[in-house]
Every structure is written in C-alpha cells, then in structure tokens.
Amino acid sequence: MVPQITVTATRDWLADTAVAPSNKNAKPPLLLDIRESWEVTIATLPNSQHIPMGQLVARVSEIDASRSVIVFCHHGVRSLQVVALLQREGFEDVHNLTGGIDAWSKTIDSSIALY
C-alpha cells in the first residue's frame, strides 16, 4: 500500500513538524518533485528537490533517506509509482501527494500556475 498525504496535511506538516504522520523526526519533510524539467519551469513548490522520474533510479542516492519524503508530480499518478519504487529501495517514510501540484495550486496557493 502506498501512503497518501493530502495537500492540506502537507502544508500543515511543513508549517509544524509536530504534526508529522510518523513523527519519527523533527525535520520538515523533503518535497521530491519528479516531474519533467519543462513542467518545473511552469510551476514549482518552494524548497522542493527536483529529480525527473526517468532519472530517479540513477540518482536515488541524492535523496536524504533520513528525512520523511513527500513525492509529487502533476496530478499524483507518476508519484504513486515513485513512492512504490522508493519503498523497494528501502525508504521507510515516504508519501504520495494526492492530487499533485495541481491540487496544491487549487487548494493551497493559487499563485502556482495550472497547466
């Protein structure tokens, strides 16, 4: 089963690490953007780490496994696959952002462009 997290829960977690679902550590979660580079030029979440999905296997060592990881894409479909991949790679605290950056723009920050 792939752990899911809503955009509102993510916003709250980023604002207050005490609401972390696992409460394993006090570090804020890592936002992992797995969209293509052209998508990132249109819209991005602040302080996110960008590794395109197609490069993830080769670059997985760049992800800080000591932090909780929230993976996002445009609508949350590709990120589901990446969460499952990261779990197979040994990541224990990884979540899929339900609805992706599209839901973030519609619910949290309308200044982020829709595409």
Side-chain angles (χ1 to χ4, degrees):
M1 182 175 194
V2 175
Q4 303 283 328
I5 188 165
T6 66
V7 293
T8 53
T10 299
R11 176 202 58 206
D12 294 346
W13 189 357
L14 290 168
D16 180 8
T17 57
V19 299
S22 66
N23 215 7
K24 282 177 138 179
N25 58 48
K27 294 179 186 177
L30 169 67
L31 296 176
L32 179 62
D33 185 347
I34 54 96
R35 296 173 303 140
E36 297 297 322
S37 295
W38 68 266
E39 293 176 283
V40 175
T41 63
I42 296 170
T44 192
L45 294 181
N47 304 313
S48 58
Q49 179 178 356
H50 177 237
I51 301 177
M53 183 176 179
Q55 298 175 16
L56 194 70
V57 172
R59 297 178 59 191
V60 72
S61 65
E62 295 177 31
I63 304 167
D64 183 354
S66 72
R67 291 177 66 184
S68 300
V69 179
I70 299 174
V71 183
F72 72 94
C73 62
H74 189 195
H75 289 111
V77 177
R78 290 174 284 177
S79 52
L80 272 171
Q81 297 170 15
V82 168
V83 168
L85 171 96
L86 291 175
Q87 287 175 321
R88 287 191 302 274
E89 291 290 324
F91 285 77
E92 296 178 6
D93 195 10
V94 60
H95 310 267
N96 179 55
L97 183 65
T98 306
I101 197 167
D102 187 76
W104 189 277
S105 177
K106 290 176 179 173
T107 307
I108 305 298
D109 185 355
S110 63
S111 72
I112 295 176
L114 292 168
Y115 65 100

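- Considering all non-hydrogen atoms of both residues, Arg35 and His50 come closest at O-NE2, 2.7 Å.
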Audit row: Val7, Thr98, side-chain contact (heavy atoms from CB on, under 4.5 Å) steps and yes/no: CA-CA 7 Å; Val7 293; Thr98 306; over 6 Å; no
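- Separating the CZ atom in Arg11 from the CG atom in Leu45 is a distance of 13.0 Å, to the nearest 0.5 Å.
- A heavy-atom distance below 4.5 Å is not found between the side chains of Phe72 and Thr10.
- Of the possible donor and acceptor atoms, none in the side chain of Glu62 sits under 3.5 Å from a partner among the backbone N and O of Ile51.
- There is no path of hydrophobic side-chain contacts, each under 4.5 Å, that joins Phe91 to Leu97.
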I would like to know whether Gln4 and Thr6 meet side-chain contact (heavy atoms from CB on, under 4.5 Å); could you show each step before the answer? CA-CA 7 Å; Gln4 303 283 328; Thr6 66; over 6 Å; no
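- For Glu39 (side chain) and Glu36 (main-chain N/O), a donor-acceptor pair under 3.5 Å exists by modelled atom type.
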I'd like to know whether Leu86 forms a side-chain contact (heavy atoms from CB on, under 4.5 Å) with Leu32, so could you lay out the CA-CA distance, the side-chain angles of the two residues, the decisive distance to 0.1 Å, and finally the verdict. CA-CA 11 Å; Leu86 291 175; Leu32 179 62; 4.1 Å; yes
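- Side-chain N or O atoms of Ser105 include none that pairs as donor or acceptor with a backbone N or O of Asp102 at under 3.5 Å.
- A distance-only check finds a donor-acceptor pair linking the side chain of Thr107 to the backbone of Ala103 [under 3.5 Å].
- Note: the hydrophobic cluster containing Leu14 does not contain Val71 (ILVMFWY, side chain heavy atoms under 4.5 Å, direct or indirect links).
- Put simply, the side chain of Leu31 does not reach to within 4.5 Å of the side chain of Asn47, judged on heavy atoms.
- Two residues are said to be in side-chain contact when any heavy atoms from C-beta on lie closer than 4.5 Å; Arg67 and Pro28 meet this criterion.
- Under a hydrophobic clustering in which Ile, Leu, Val, Met, Phe, Trp and Tyr are joined whenever their side-chain heavy atoms come within less than 4.5 Å, directly or via other members, Ile34 and Val40 fall into different clusters.
- To the nearest 0.5 Å, atom OG of residue Ser66 and atom CD of residue Glu92 are 11.5 Å apart.
- At a threshold of 4.5 Å between non-hydrogen side-chain atoms, the residues Val57 and Glu89 do not count as touching.
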Take Ile70 and Trp13 through the side-chain contact (heavy atoms from CB on, under 4.5 Å) test and state the conclusion after the steps. CA-CA 11 Å; Ile70 299 174; Trp13 189 357; 3.8 Å; yes
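- Between Leu30 and Asp64 the shortest heavy-atom distance is CD2-N, 4.3 Å.
- In this structure, OG1 in Thr44 is found 7.5 Å from CD1 in Ile112, a value given to the nearest 0.5 Å.
- A heavy-atom distance below 4.5 Å is found between the side chains of His74 and Ile101.
- Nearest heavy-atom pair across Ser37 and Pro52 is OG-CG, 4.4 Å.
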